[in-house]
Amino acid sequence: MDIFHKKKLGDVCNFTQGEQIASKDTIKELKPGYIRYIYIRDLFTNKYPVFVKDEYPNKLLSLGDIVMVNTGNTSGSVYKAKEGVLCNNAFKIAIKESKYDTLDKNFLWAYLNSDAREKMLKRLFNPAGQPHVGHKNVARLEIGLPPLPEQQKIAKILSTWDKAISTTEALIDNSKQQKKALMQQLLTGKKRFAGFEGEWEEVHLKNCVTFLNGKRKPIKQEERANIQGIYPYYGATGIIDYVNDFIFDEELILLGEDGENILSRALPHVFIINGKTWVNNHAHVLKANNNMNPTFLCMYLESLDYRKFNSGSAQPKLNKAVCEKIPVRVPIKEEQQKIASVLTNADKEIELLEQQLADLKQEKKALMQQLLTGKRRVKTDESEAVWA
């Protein structure tokens with residue numbers, strides 16, 4: 001049996017620090033003699049492309065190089081380079097050349113994405129000021145190495161999970177794009193279902209709902225700490241707490257009244273609540289009229305661009321008077337229900353895929369905890385060695 005002792009990463013890996021270059025020395029258009037320069041904020045994307053003189057041949061990244069962020073909120077995060085670039089606030093991790101085959105690159109990648117690595121990195125973070133790991137600290141991390149054939153087999157096993165995860169993520173993205181296209185057609189009347197004819201009526205939002213803003217009531221955070229309970233306490237973008245009482249007990253639509261989300265739409269801006277709930281003063285509370293399907297109306301309102309309704313200056317805001325005049329194109333209620341049903345089914349398909357993705361990630365995580373610590377072994381033709 002071969003016995004492999006724990007190795008420090010610095011014994012088996014080389015670390016190449018990126019290059020800090022002042023913004024005044026970068027250009028925004030590529031020209032001969034220049035290369036792509038990457039800031040951590042847009043690591044390996046094309047969001048903020050800048051270029052610098054090609055004067056750092058020993059520090060250029062190649063396709064597939066493993067890179068770890070050095071400083072900042074994402075310190076310790078690892079990436080694989082997608083192109084040959086120069087990076088500012090990160091360092092490349094490369095396996096040292098040796099006459100002994102000790103470390104597989106794919107096994108190293110798996111280890112650097114594992115919980116074991118996360119736990120060790122936390123002990124290395126610079127406790128003062130901005131988060132910082134530093135390649136010298138990372139070089140001190142210990143990694144338990146099984147025989148090379150076992151490393152390769154572990155990496156191959158984990159790669160099958162990665163492929164399943166990537167496939168599911170692609171399915172989710174595709175389903176979301178299909179739903180988005182479907183919404184653009186169905187919620188504008190460009191696509192109609194058989195049996196429905198006639199023009200849609202255009203009205204103002206105040207003709208579709210009753211505003212219940214007068215019933216909402218904010219509770220300060222320190223006061224909520226004393227009344228914790230089972231009833232959701234809603235704000236502009238969703239649940240922010242749970243309290244021991246409620247002020248609403250019916251199906252309602254919430255429309256965010258203020259906040260940056262009006263512009264960014266990073267979170268749902270219009271959503272349905274049901275049952276016993278409490279709502280603060282950062283969301284308009286709408287009760288759909290009898291001629292309106294709440295789900296249709298919610299989806300219609302969520303599809304709108306609220307930048308043109310923004311009445312705030314320092315902070316984005318949608319006041320009630322403006323919201324009441326938001327134009328809404330309305331088919332008959334039966335058509336609303338049909339549209340809502342089709343889009344709800346699309347949401348359910350996406351939710352199912354997202355749950356499958358979460359399950360795959362959790363299963364992979366559990367498998368990594370076993371395989372990368374030696375708690376679970378994989379047999380190879382060459383060896384059945386034990387870990388030290």
Could you go through residues 14-24 and list every donor-acceptor pair under 3.5 Å that involves a side-chain atom there, pairing it with any protein atom two or more places apart or in another chain?
{"from": "Gln17", "atom 1": "OE1", "to": "His135", "atom 2": "ND1", "distance (Å)": "3.1"}
{"from": "Glu19", "atom 1": "OE1", "to": "Lys59", "atom 2": "NZ", "distance (Å)": "2.7"}

Going only through I, L, V, M, F, W and Y residues with side-chain contacts under 4.5 Å, is there a path from [X] to [Y]?
X	Y	answer
Ile165	Ile154	yes
Val138	Ile95	yes
Leu255	Trp278	no
Ile272	Ile339	yes
Phe211	Phe248	no

If you count the non-hydrogen atoms of other residues, nucleotides and ligands that lie under 6.0 Å from [atom1] in [X], is the total more than 12?
X	atom1	answer
Gln315	CD	yes
Glu222	CD	yes
Glu199	CD	no
Lys333	NZ	yes

Got a salt bridge between [X] and [Y], using NZ or NE/NH1/NH2 to carboxylate O under 4.0 Å?
X	Y	result
Glu150	Lys379	no
Asp162	Lys364	yes
Glu201	Arg329	no
Glu354	Lys176	yes

Distance-minimising heavy-atom pair for [X] and [Y]:
X	Y	result
Leu148	Thr102	CD1-C, 4.3 Å
Cys298	Phe271	SG-CA, 3.6 Å
Ile27	Glu29	CD1-O, 3.0 Å
Asn280	Pro218	CB-CA, 3.9 Å
Ser303	Met183	CB-CE, 4.2 Å
Cys323	Leu318	SG-CB, 3.8 Å

Are the side chains of [X] and [Y] in touch, meaning some heavy atoms are under 4.5 Å apart?
X	Y	result
Ile157	Leu367	yes
Val328	Glu202	no
Leu108	Leu9	yes
Ile253	Leu297	yes
Leu343	Leu187	yes
Phe193	Leu186	yes
Phe107	Gln152	no

For [Y], does its backbone N or O pair with a side-chain atom of [X] as donor and acceptor, under 3.5 Å?
X	Y	result
Ser159	Lys156	yes
Asn207	His204	yes
Gln336	Val330	no
Tyr234	Ala283	no
Arg192	Gly198	yes
Ser114	Tyr111	yes

Intermediate values then yes/no, salt bridge (Lys or Arg N to Asp or Glu O under 4.0 Å), Lys361 and Glu169: CA-CA 11 Å; Lys361 288 183 175 180; Glu169 288 174 336; 3.8 Å; yes
Please check if any side-chain donor atom of [X] sits under 3.5 Å from a side-chain acceptor atom of [Y], or the reverse.
X	Y	answer
Asn261	Thr237	no
Asn137	Arg140	yes
His132	Thr71	yes

Going from [atom1] on [X] to [atom2] on [Y], what distance comes out if it is rounded to the nearest 0.5 angstrom?
X	Y	atom1	atom2	result
Lys287	Glu251	NZ	CD	10.5 Å
Leu158	Asn106	CG	CG	10.0 Å
Asp258	Asn319	CG	CG	11.0 Å

Partner residues of Glu223 under the side-chain contact (heavy atoms from CB on, under 4.5 Å) criterion, sequence neighbours left out: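 Residues passing side-chain contact (heavy atoms from CB on, under 4.5 Å) with Glu223: Ile219, Lys220.
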Stepwise side-chain contact (heavy atoms from CB on, under 4.5 Å) test for Leu353 and Ser175: CA-CA 9 Å; Leu353 286 170; Ser175 296; 3.5 Å; yes
Residues Asp359, Gln355; criterion side-chain hydrogen bond (donor to acceptor under 3.5 Å, both in side chains); working and verdict: CA-CA 6 Å; Asp359 291 343; Gln355 184 58 55; 2.9 Å; yes
Ring pair (Phe, Tyr, Trp, His ring centres under 6.0 Å) assessment of Tyr34 paired with Phe51: CA-CA 6 Å; Tyr34 279 72; Phe51 306 89; 8.0 Å; no
Cation-pi, Trp109 ring and Lys80 (6.0 angstrom, 45 degrees):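 Positive - Lys80 is close enough to the ring of Trp109 and near enough to its axis.
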Geometric cation-pi criterion Lys276 and Tyr231, 6.0 Å radius, 45° cone: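 No, a cation-pi geometry is absent between Lys276 and Tyr231.
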Trp200 and Phe296 aromatic ring geometry - parallel, tilted or perpendicular at 30°/60° bounds: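 It falls in the perpendicular class, over 60°.
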Step-by-step salt bridge (Lys or Arg N to Asp or Glu O under 4.0 Å) determination, Glu257 to Lys320: CA-CA 8 Å; Glu257 181 173 344; Lys320 181 183 175 184; over 6 Å; no
